[in-house]
Structures are given as structure tokens and as C-alpha cells.
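From a predicted model like this one, the values you see are computed outputs, not experimental measurements.
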Amino acid sequence: MKIADTLDVDSTFQHLRSQALASMRDHLDGTRPIVMVGTATCGKAAGALEVLQAIREELAKDQPDARVVEVGCMGHCYAEPLVIINKPGNPPMAYGYVTPEIARRLVRDYVIGDDPSLEFTLGALEENDLIPSIYDLPRFAYEQNIVLKNCGHIDPENIDHYIASGGYEALARALRMQPQEIVEEIKLSGLRGRGGAGYPTWQKWRVCRDSKGRPKYVICNADEGDPGAFMDRAILESDPHSVIEGMIVAAYAVGARYGYIYVRAEYPLAVHRIEIALRQARRRGLLGKNILGSGFDIDIRLFQGSGAFVCGEETALIASLEGRQGLPRHRPPFPAVHGLNGKPTLINNVKTLAYVPRIITNGASWFSSIGTEKSKGTAVFALAGKVVNAGLTEVPMGTTLRQIVFDVGGGIPNGKQFKAVQIGGPSGGCLPQSALDLPIDFDSLREVGAMMGSGGMVVLDEDDCMVEVARYFLEFTQRESCGKCTMCRLGTKQMLEMLKDFTIGQGSMEDLDKLYEMAEDIKEGSLCGLGRTAPNPVLTTLRYFRDEYEAHIKERHCPALMCHDLIAYYVLPHKCERSCDACVGACTVEAISPDRKGIKVIDQEKCVKCNLCLLACPPQYNAIIKLSPPELVPAAKKVK
Amino acid sequence: MDKHQETAEPDLKRIEEIVSRYRDQKWPLISLLQEVQEELGYIPPEAIRPIARGTGLFPAQVQGVISFYEQFHTTPRGKNIVKVCRGTACHVRGGRTILKIVKQNLGVEEGGTTPDMNFTLETVPCLGTCFLAPSMMVNKDYFGKLAPPKLKSILQQYGSPGE
């Protein structure tokens, strides 16, 4: 690269940056209150749009001077809708579980008045002497935000917010480096692919760079399909430019001319925000010909998937992009050699690409100082299921499951006992209590039979049946198997049938051996990750919870009282307070009626096992119980 | 009345028009099908030939792609689409019961449409709103922390479940 070029890049970028800072002046000068509302999907689903409207209406009455900004997801999805109020002279304050009524009060009492309404606050977002800070919460001792850094703090629909907070600086720097220097930097950082398999990112980059054939492509894999995983969506909705910047740097490093972002169709808001971000980047000369005056050309387009889980696999994704059925093919050749259009193609996950600008800006040694020996950096997890603080969290690799579930996630709600963590979605596994102190990284998870996968983490408690959970995942993979490989198509079907039998109290002990056999065959006989990892949920539950399988088979007993066919609801006659009608009123299918003495009887034929009667029965009576096997329900009562 | 109900004669002109817009695009098929579905609410079988002609593919290839992807529909769907989440978090928080009761309320199975064409019931692998589990979507609205008693009133907001 010529020296004239590098000067050009620098001055063009400085010009962009000062433009962004100028347009952000009202946001940054600190003279006006700023109200930020999280309107990523998590916020919207919890009612953030109503809150936003209430704030706008209330402000319109008195304080037209305050600014309202829509931001993305801070990761505290459990506390959505979330509002941040930044008032000059005060630390920024975060408020959770905001309703339109609370929002109106916050505007009146704090934005206009002076009362920070501490009863609604989660805490201040800065350390200060007056108000407890959110960073004093136990979770912040473990969290370290790298890719989630901007999420929830900037307006994802305004490129100036991103540039003003340091965005595209990495690109400007990268364009002044030699492409191979960038690959070297990524190598030194130790970054591994965040899509699940943990393949060293630099190796893909180098192979793609060294491969002949033009034009080359770079693809961002945003086909996040694992149930229980929503971090890629949150990043795309909250900070889309970080992914685009990572893509441009990657494209420059490997010499790609075109880029595609392949987004799952179920993410309409992410699609919308990426489109806006691409348009803005194009207008600023960050995409297109001769970006930032560097002489490098790159165009990025968005492509929407159409609902096929298997398209998360890279070769299937390419087939889908080319307008064909999303069937995986044999590798090698790898896409880095022979990909889209038969040309060298780099495919990276959303998070992998979002790390790239941070690594370029802060240096490889900074990144490699975080994490474990072989897994560098942080991991982003989506916590859900039986956990108090469901949402996103970013922690250094090597953090233990216990720290994530109990310190970050706040433990199990309703005083229940922890049973397992399902990690990595349908490719992952269920890890028991004994694995809680395992430091998590790519390799440690594989050793215990699970997988990092995309980073979905569903916490299960004593009420969850592990056989049923295994059945659930097999049903998922069976349904999503594209059908190309016989073992995946038919093998998962056979495994699913056996698991179904267990959950309805049929099946035999020999089936357990067959499950192992099938699992091995499916792993061997499948082309892609979907089939090769499909048996993991079954193998891990068999390994750690074999006793539950045996109870189902030998005694028709579901220890967690979850399998609908193996349980029955029953009203204990001696405990039933005859004049109380709570359960009758709660039943949505009219399955409960009083007998002659006023004792409630459940019609087992009508009962859908929704658990509402059990919840409705006042705790002082506690008359309704679940029985397993259902034959334990006394016969005489059944007839009535 | 409703555009989804014009089942008798799909508007071939509109389809041709969409096809012509994709003529110069590389790998147009999936985006093209998405647009046809957006316009008509589904992909009528009559659309396959013009699409195949316009994209230079065999009709069987077009049909193969349509049937491969879950989001393409070849029959008209209801005015309101109910999507019940069957993600892991929803599953362990009572999602199965929710689905059962929605089915009862609407009187249709998964993938079914009520006779009055008001509702189509679908399930999705995961809505990604796990912190609100169990959850479902009606059209573009999310409903979370569902409990069986809430379902009837939610569905009623969108008109009577086709009795």
C-alpha cells in the first residue's frame, strides 16, 4: 500500500469522526436529560413500545428539551422494559420492570422533578457516592463486556452513535495495515469461532486469503436457530455496526469483494436494523467503492433465511444463499477454498466478527490475556429456563457454571433445587450438579460430553424430567434433519421413538443399549454438525441421569413428575376443604367437580395436566398432588 | 374481501411482475419466493411455472425449494397467524400445555387454519424470548409469561376463534 493511501484513510476517517461527534453534540454535551428506552425484541416483547409512548407523551407536556433515544438490549432481559435516565449532574440511572404508569412517574418525578425514584431503580450506571450502583450486583464481579459493550448504550439505528463511541476506528486502522498483518493479529489473539465448534478463526482467514479464485466472499452467519439462544439477535439489534465493521475488516484481510449477512427469517427487527445500518455505512463511504479512500471495494448485502435450522451449517447456508435447498455437502473442500459461487468464501458467526474490531483496536495481547489457555476472550451466554435473571451475559472463558447460574443468573426461582444445565442447544448436553464447578471453555465442555454450541444455556430444576428433555431435543433434530444422510434422517427417528416410549412408560432396558449403538452410528454416518451432534442430549442424560431412565422403564415412574402420560393429578380427600372452589375455578377444561360430600374429584379423561389446580389450591390445604405412575390414583375416585 | 381469501384465482399478473423484477439478480429464487408470499400470503401452485420460467429453473426445482423451507406455504393462511413457541425454556415452563389449550380454543391442529380463515396455528422452534417463557406470537405481537387462563382473552383480541 502506498503512503499516500494511508494518509488518505486517516484523514477521511478523522473527517467522518468529527462529523459524527458534531451531530452527537447534544447527546454528549450534558446539558439536557436523556431518556433511553431498550427497544430490542426483548424490550418490545415486554411492552417497551407502550413505555416509550408514555414517556414521549409525558415529556411533550412539560419538557420538550429532553431527548428520547431508543437503544438495544443491555442483557438484563428479565427486567425489561428497561429505561435509562441520564440527567446532567447525576449518574445515569437504570430502571427495570417499567410500565407506562411508572414511566410517566419517572418523567414527572425525575426528568422534570428531582426525585430519582429509587424504588424503581436497578441502580446507577456509574460508581458514585449517593446511589447504589448496578455494578455492585454480584453478577458484575464476573461479567466483562467486549462484544456486548455498546449494547443497550447506543442507538443502533444511528451510525453516529457508533462512530462517536469509537466505532470504525478499527477499520481505519486495519486499512492501513497489510492484510496478512491482520490475519497475524487475529492469530496472536487466539480468537476461535463463536458459532459453536471453536475452530481457530485465523486459519479460516489464512486459507481463504491464500486460495485462488475471484471474487471472494465473506458471509456473516446470523442463522441463529438453537432454541434458547438469542445473543446473535441481540447483538444485531443493539449494535449492528460492530458486526458490519468486523465483516469489512475480514473482507479486507482475505481479499473479499462481496459480503452477505445471512439472517434467520424469524428476526424481523434484526433485519430492519441491519438494513438501516448497511444504508448508513454506504452513505458514509464505509461500504462501496474505495472505502475511506483506501482503494478497497466491498459491498455487503442482507439475505433472509426461510426457516430451516440446517442452514446454520456453512455448506447448507451457501446452498441456501444460492437459491437451492439448504443441504449440507461433504467437506473438504471447505468453503474457504470452494464456497459461494464456487469461490473462496469466509464464513464467520456474528459474535466472531463482532470481536474483530475490538481486537484490532485493543491489540491481540489484550484479547489473549482474557480467558483460558486454549479459549481466549469472553463467551456470551443466553441464560433462560429456571433461573431468576434470564437474559444475556458475557463472561471470560473459564468462568464456572456455578458462577454463571448462581451469581450472574441469581440461582433457581421459587426455592427449587438445581438439577442440570442444558448447554449448547440440540448439539449440546445436560450437565449435572457435579459439573457446576467446571470452568467453561470450548474444550472442557467437549470433555464432559456437551458443546459450547451457540451459547444457549437453559437451567433445569427438580421439576424437569431428563428423559423428557432428551426426547424434546431429539424431536427437534429429527424435525430439522434435512434428510440427506440416512443415519441422521432415520436414526434420529428411531432414537426418538424409543425416547417417546420411555416417556409413556413403554420401552425396555435393552432399548438403553440400542440408544448407545444408534448414537454412535448417527455420529459416524452424518455429514454435518446437525447429525453428528444430535445424540449429545441423549448421551449426556444417559451418562448423568441413568436412574431416571430406569425409573421410567422399570416402574412407569417419572421422578420429576413431568411426563404427562406417567402422572395424574389427585385431590387428597382428607385434605380437601370441601367448601373451597379454588381448583374448580382454576381448571380451564372443567375437569374438576365436587362429589356428594363436596370433596373435589378430577376427571382424569378431561384433565390436560396444566398444573393450574395444584397452584390454585390454597397452601393451607395443599390438597392436590401429582402421582406417578397414574395407577396410584385410587380407582373408586376415578369413576365419579 | 381479504387478500388472503382470494383463493379462486391467484393474480398471475402480479406474480409475473415480481418475477420480472428479479430477472437480473444473482440467485433470485428464495428472495423472489419470499416476495410472492409477502404479496399473496402464500405461494399458489400456479405461480411455480412462471417463477421457473423467469429464473431458468425446472418447475421441480422451484417446488423442491418451496417444500424444503418451513416458511413457504402453498395454501392460503388465516388472517391472524398464531405462533406458539416450542423452545427449550418454554417447554420446561409449560409450553406444551399452552399449545394444547390454544389448539382446543381454535379447534385446529398445528399447521391448521380455522374454517372462517381467521386463524392459522403454527409452532416455531424458538421465538428467542426465553425470558418470557412460555411465550407465543400473534402476527407481530409477543405474548409472554403465558398461563392457560390468559389465552382465551388474547385470542379474542383478534376475533372469535372460528366456532
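The two residues A:Gly323 and B:Val65 have their closest heavy-atom pair at O-CG2, 3.6 Å. Contact detail for A:Tyr472 and B:Thr88: the closest heavy-atom pair is OH-N, 2.9 Å. In terms of heavy atoms, A:Gly228 sits closest to B:Cys130 at CA-SG, 3.6 Å.
Surrounding NZ of B:Lys152 are at most 12 heavy atoms belonging to other residues, nucleotides or ligands under 6.0 Å away. Atom CG of B:Asn139 has more than 12 heavy atoms from other residues, nucleotides or ligands within 6.0 Å. For CD of B:Gln157, the number of neighbouring non-hydrogen atoms (other residues, nucleotides, ligands) closer than 6.0 Å is greater than 12. Under a cut-off of 6.0 angstrom, the local environment of CZ in B:Arg21 is crowded, with over 12 non-hydrogen atoms contributed by other residues, nucleotides or ligands.
Ranked by heavy-atom pairs under 4.5 Å with chain B, the list A:Cys482, A:Ser320, A:Ala46 is led by A:Ser320. Taking chain A as the reference chain and counting heavy-atom pairs below 4.5 Å, the highest number among B:Lys26, B:Lys83, B:Arg86 is found for B:Arg86. When the candidates A:Cys610, A:Cys77, A:Gly425 are compared by the number of heavy-atom contacts under 4.5 Å with chain B, A:Cys77 comes out ahead. Note: A:Gly326 leads A:Gly326, A:Ala265, A:Ala308 in heavy-atom pairs under 4.5 Å with chain B. Chain A forms the most heavy-atom pairs under 4.5 Å with one residue out of B:Val124, B:Thr97, B:Val92, B:Leu29, and that residue is B:Val92.
Using a 4.5 Å cut-off between heavy atoms, B:Lys140 makes no contact with chain A at all. Residue contact with chain B, scored on non-hydrogen atoms closer than 4.5 Å, involves the side chain of A:Glu480 exclusively. Heavy atoms closer than 4.5 Å to chain B are found in the side chain of A:Arg233, but not in its backbone. Of the two parts of A:Asn341, the backbone and the side chain both hold a non-hydrogen atom closer than 4.5 Å to a non-hydrogen atom of chain B. Proximity to chain A is absent for every atom of B:Leu57, based on heavy atoms less than 4.5 angstrom apart. With a 4.5 Å cut-off on non-hydrogen atoms, B:Gln61 does not touch chain A at all. For chain B, no part of A:Cys465 is nearby; none of its heavy atoms comes within less than 4.5 Å. Both the backbone and the side chain of A:Val608 come within contact range of chain B, with heavy atoms under 4.5 Å apart. Residue A:Phe309: no heavy atom, backbone or side chain, is found under 4.5 Å from chain B. Looking at A:Val310, only its side chain comes within 4.5 Å of chain B, counting heavy atoms on both sides.
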- [ ] Run the numbers on B:Arg96 and A:Lys609 for side chain to side chain contact (heavy atoms under 4.5 Å, CB included), then give the verdict.
- [x] CA-CA 10 Å; B:Arg96 274 185 305 170; A:Lys609 297 171 187 174; over 6 Å; no
Open item on the list: Let's go through B:Phe68 and A:Leu327 carefully: what are the C-alpha distance in whole Å and the side-chain angles of both, what is the deciding distance for side chain to side chain contact (heavy atoms under 4.5 Å, CB included) to 0.1 Å, and is it a yes or a no?
Closed with: CA-CA 9 Å; B:Phe68 183 83; A:Leu327 301 176; 3.6 Å; yes
Open item on the list: The test is side chain to side chain contact (heavy atoms under 4.5 Å, CB included); show your working for B:Gln71 and A:Gln304 and say whether it passes.
Closed with: CA-CA 11 Å; B:Gln71 299 237 325; A:Gln304 280 192 65; over 6 Å; no
TODO: Tell me, with the steps shown, if B:Gln104 and A:Thr588 meet side chain to side chain contact (heavy atoms under 4.5 Å, CB included).
DONE: CA-CA 11 Å; B:Gln104 274 178 6; A:Thr588 50; 5.8 Å; no
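By the 30° and 60° cut-offs, the orientation of the rings of A:Phe230 relative to B:Phe131 is perpendicular.
Judged by distance alone, with hydrogens and angles left aside, the side-chain atoms of A:Glu266 form no donor-acceptor pair with the main-chain N or O of B:Cys126 at under 3.5 Å. A donor-acceptor pair under 3.5 Å is absent between the side-chain atoms of B:Tyr142 and the main chain of A:Cys42, judged by distance alone. Counting only distance, with no hydrogens or angles, the side chain of B:Tyr69 and the backbone of A:Gly305 share no donor-acceptor pair below 3.5 Å. Checking side-chain atoms of B:Arg93 against main-chain N and O of A:Gly385 turns up a donor-acceptor pair under 3.5 Å.
Ionic pairing of B:Glu110 and A:Arg479 is present here: one or more N-O contacts between side-chain nitrogen and carboxylate oxygen are shorter than 4.0 angstrom.
Here the NE2-CG distance, from B:His91 to A:Leu460, works out to 10.0 Å after rounding to the nearest 0.5 Å. Between the CG atom of B:Leu127 and the OH atom of A:Tyr267 there is a distance of 9.5 Å, given to the nearest 0.5 Å. A distance of 5.5 Å separates NE2 in A:His564 from NZ in B:Lys100, rounded to the nearest 0.5 Å.
When the options B:Glu70, B:Gln37, B:Gln34 are evaluated for a side-chain hydrogen bond (donor to acceptor under 3.5 Å, both in side chains) with A:Ser306, the one that passes is B:Gln34.
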